Amino acid sequence: MNGKHISKLGFENKAIGLALSAASLREGAGAGREEILNELRGVQAAPQEYAAGGVYAALAAHLLEQHAKAEAKKGVALYEKPLPYGVWGADLIESGARAQMDVAMRLPISRAGALMPDAHVGYGLPIGGVLATEGAVIPYGVGVDIGCSMMLSVLPVAPEKLATEEAGALLLKHTRFGAGVGFDKREREDHAVLHDPAWQDQAILRHLFDKAVAQIGSSGSGNHFVEFGTLTLNQPDEGLEAGTYLAILSHSGSRGFGAQVAGHFTGLAQKLHPNLDKAAQKLAWLPLEGEDGQAYWQAMTLAGQYALANHELLHARLARALGVKPLMQASNSHNLAWKQRVNGQELIVHRKGATPAAAGQLGLIPGSMAAAGYLVRGRGHPEALASASHGAGRQLGRKAAANTLNKKDVQAYLKREGVTLIGGGIDEAPQAYKRIQDVLARQSDLVDIVAEFRPRVVRMDTGSEDV
DNA sequence: ATGTGC
């Protein structure tokens, strides 16, 4: 008896090994080759009858597990019609983003959803999409930049006390931008998140730890920014008197660490669902109670904390350089999944470019590099799953922006708005974004405005082409 | 979004 005889029966890989072990036991008991092959055919035809015990139990259990997996793979059909979901600012949202949300609402795991007024097309779930699922998490429902987030520090400094040149110098000295970029060894700072025991729990986390250490406190590329500006409160709130303050606003994520976590787990999810409708391929999910789902949840949570730690170190550096302590700070993640009760049921709420906006919860909604951003307070709208937009949202894709806008127009726009820009590619031009006032007007039932932030000195990554 | 794949 050898593997050839057995693979001829249609067994594969691990099943061949298990069948050979069983066969040798049967040979030892005096059974002949044909007799054993017949028995194996029997196990193959009805493994459930052999799983309880005996020489073929391990093989039968393995075959049953394989069958179950195969059934799961075959059984993934999308609902014919999307579940209904709320759309805020439908007049501002391109059809492609609606189409992506429609697909998401046809997944068998989907239970509720909403689309925010800054929505635009993304990988899988649209940016500005909120999706509640049952018992499963979608890595691309969170996005590539796990834990991408905002932070505001309000400083005990009058805005005019910081000269534009000094603000620019501080940003150049204390921030790091660009893909792959981190801090030099002697400049690195420690943070409690780097001592989380979770780093030791998974091979991928152990592997990415050094990169996380090198990049903590940094800001990345694309639409990420750090800026000094003027925060205006029209009335006292959050322990601040009405008035104007120098403030720091930043947008950053979990850098290479989070990106690699996202790539790894969406790969596992897509492998688990090879027959998923093509339109939904990038929405492949992991059962939350499975080993991979649990591992993703742990890694995602860590990446979310790591992203906030990036902001904390950055703001601490700048405040220290100015010799002040912030009067007030606020932060929020806008690419993450949360366990949340929806209509009395605990679901997994994915926000991909959407600000958590539970009643009373503070959030930060930036405009473009040259437009105001807002400190807001959530209103806990149930049909929005307690969410709001995460910014103004693009009206031009990166390529379209690069093709239709030119440097002179962008420079004139910045000058008119009194904004000094360090770095920044043409694809991040203010004209590439929707008007933040329009976006806010479409979600006045989702958030209240607490304060307005006007950017003055902005640093972004250099991008492919400087403005 | 990330230093990388079509």
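Values in this document were obtained by computation on a predicted structure and should not be read as measured data. The sequence lines fix the lettering, A, B, ..., with proteins before strands; numbering per chain opens at 1.
In this structure, A:Phe257 reaches neither bases nor backbone, as no heavy-atom distance under 4.0 Å exists between it and the strands shown. The residue A:Asn335 sits apart from the nucleic acid: no heavy atom pair falls under 4.0 Å. Looking at heavy-atom distances under 4.0 Å, A:Lys352 makes no contact with the nucleic acid at all. Residue A:Gly256 is in sugar-phosphate contact alone, with no base atom involved, counting any heavy-atom pair closer than 4.0 Å across all strands shown. Within 4.0 Å of A:Ala259, counting heavy atoms only, lie sugar-phosphate atoms of the nucleic acid but no base atom.
The NE2 atom of A:His264 sits 20 Å away from the P atom of B:dT2 (whole-angstrom rounding). Atom P of nucleotide B:dT2 and atom CG of A:Asn310 are separated by 10 Å, given to the nearest angstrom. A straight line from NE2 of A:His207 to P of B:dT2 spans 17 Å, rounded to a whole angstrom. Straight-line distance from the CG atom of A:Asp461 to the C1' atom of B:dT2: 11 Å, rounded to whole Å. At whole-Å resolution of the value, CZ in A:Phe177 and C1' in B:dG3 are 17 Å apart.
Side-chain contact of A:Tyr85 with A:Asp102: a donor-acceptor pair under 3.5 Å is present, judged by distance alone.
For the pair A:Gln215 and B:dG3, the criterion of a side-chain N or O lying under 4.0 Å from OP1 or OP2 is met. Note on A:Lys211: every side-chain N or O is 4.0 Å or more away from OP1 and OP2 of B:dT2. Listed pair A:Ser221 / B:dA1 fails the phosphate criterion, with no side-chain N or O lying under 4.0 Å from OP1 or OP2. A close approach under 4.0 Å does occur between a side-chain nitrogen or oxygen of A:Arg255 and OP1 or OP2 of B:dT2.
Checked against B:dT2, B:dG3, B:dA1, the side chain of A:Tyr123 finds its nearest nucleotide in B:dA1. The side chain of A:Val144 approaches B:dA1 more closely than any other nucleotide in the set B:dA1, B:dT2, B:dG3.
Side-chain contact between A:Thr133 and A:Leu347 is absent, with no heavy-atom pair separated by less than 4.5 Å.
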Task: Steps toward salt bridge (Lys or Arg N to Asp or Glu O under 4.0 Å) verdict (A:Arg394, A:Glu428) - done: CA-CA 9 Å; A:Arg394 288 189 161 275; A:Glu428 286 297 327; 2.9 Å; yes

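Ring pair A:Tyr140/A:Tyr123 is parallel by interplanar angle, where below 30° counts as parallel and above 60° as perpendicular. Classified by interplanar angle (parallel below 30°, tilted 30° to 60°, perpendicular above 60°), the ring pair A:Trp285/A:His273 is tilted.
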